[in-house]
Amino acid sequence: MRIFPLFLVLLLCLPVHADMDVEHAEAAALAWIEAIDRGDILEAWHLSSPLMQEIASPDALAKAIQAARGGMGSVIDRKLVDARRETSLPGAPDGEYIVLSFHARFENKQQAVETVTPRRENGTWKVSGYFIR
């Protein structure tokens, strides 16, 4: 009988732990994307996952961001609309990922969806991917 209450407490704690992961992943994603918003590519690169750093130098990251967001202007606002856990993504090694989707408005683009994908790296969430449409 004592096992049941302990099991119930552990079961109730699981969503809290999962929410904390999403909150930490979102915080990492926002720090990264806000560095991009400010034009601080070097800071964004330092906040990136080793996976991203291996394939993109700071200069390559700057060119990729310019190609993806060029002409959109400054961000007006963004709101998290979806967060999903993944352990396998195309072209990436297996791991712990949270794929975050943000609705964003820019000066010259009223509706955009930014997808930012943090990966857990030694207990810390680091951005490993970015896509905008």
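Worth knowing before you read on, the calculation uses all heavy atoms, side chains too, and leaves out hydrogens, waters and symmetry mates. FYI, the numbering just counts along the sequence from 1.
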Exercise for the section: Please examine the side chains of Leu100 and Pro118, heavy atoms only from C-beta on, and report whether any two atoms are closer than 4.5 Å. Expected result: yes
Exercise for the section: Would you check if Asp19 and His24 make a side-chain contact, meaning some heavy-atom pair closer than 4.5 Å? Expected result: no
Practice task
Check whether any side-chain heavy atom of Val75 lies under 4.5 Å from a side-chain heavy atom of Arg105, and answer yes or no.
Solution key: no
Handout entry: Salt-bridge contact Glu96-Arg119 (side-chain N to carboxylate O under 4.0 Å)
Key = no
Practice task
Taking atom types as modelled, find out whether Ser49 and Glu121 have a side-chain donor-acceptor pair closer than 3.5 angstrom.
Solution key: yes
Handout entry: Side-chain heavy atoms of Ser101 within contact of Leu80, under 4.5 Å
Key = no
Problem - Side-chain touch Val116/Phe131, heavy atoms, less than 4.5 angstrom - result: no
Problem - Note, Val99 side chain near Arg85 side chain (heavy atom, < 4.5 Å) - result: no
Practice task
Using a cut-off of 6.0 Å, state whether more than 12 heavy atoms not belonging to Gln110 lie near its atom CD.
Solution key: yes
Problem - side-chain contact (heavy atoms from CB on, under 4.5 Å) partner of Tyr130, chosen from Thr115, Ile65, Thr117 - result: Ile65
Problem - Salt bridge Glu43-Arg38, side-chain N to carboxylate O under 4.0 Å - result: yes
Handout entry: Beyond-backbone contact of Arg133 with Gln111, side-chain heavy atoms, under 4.5 angstrom
Key = no
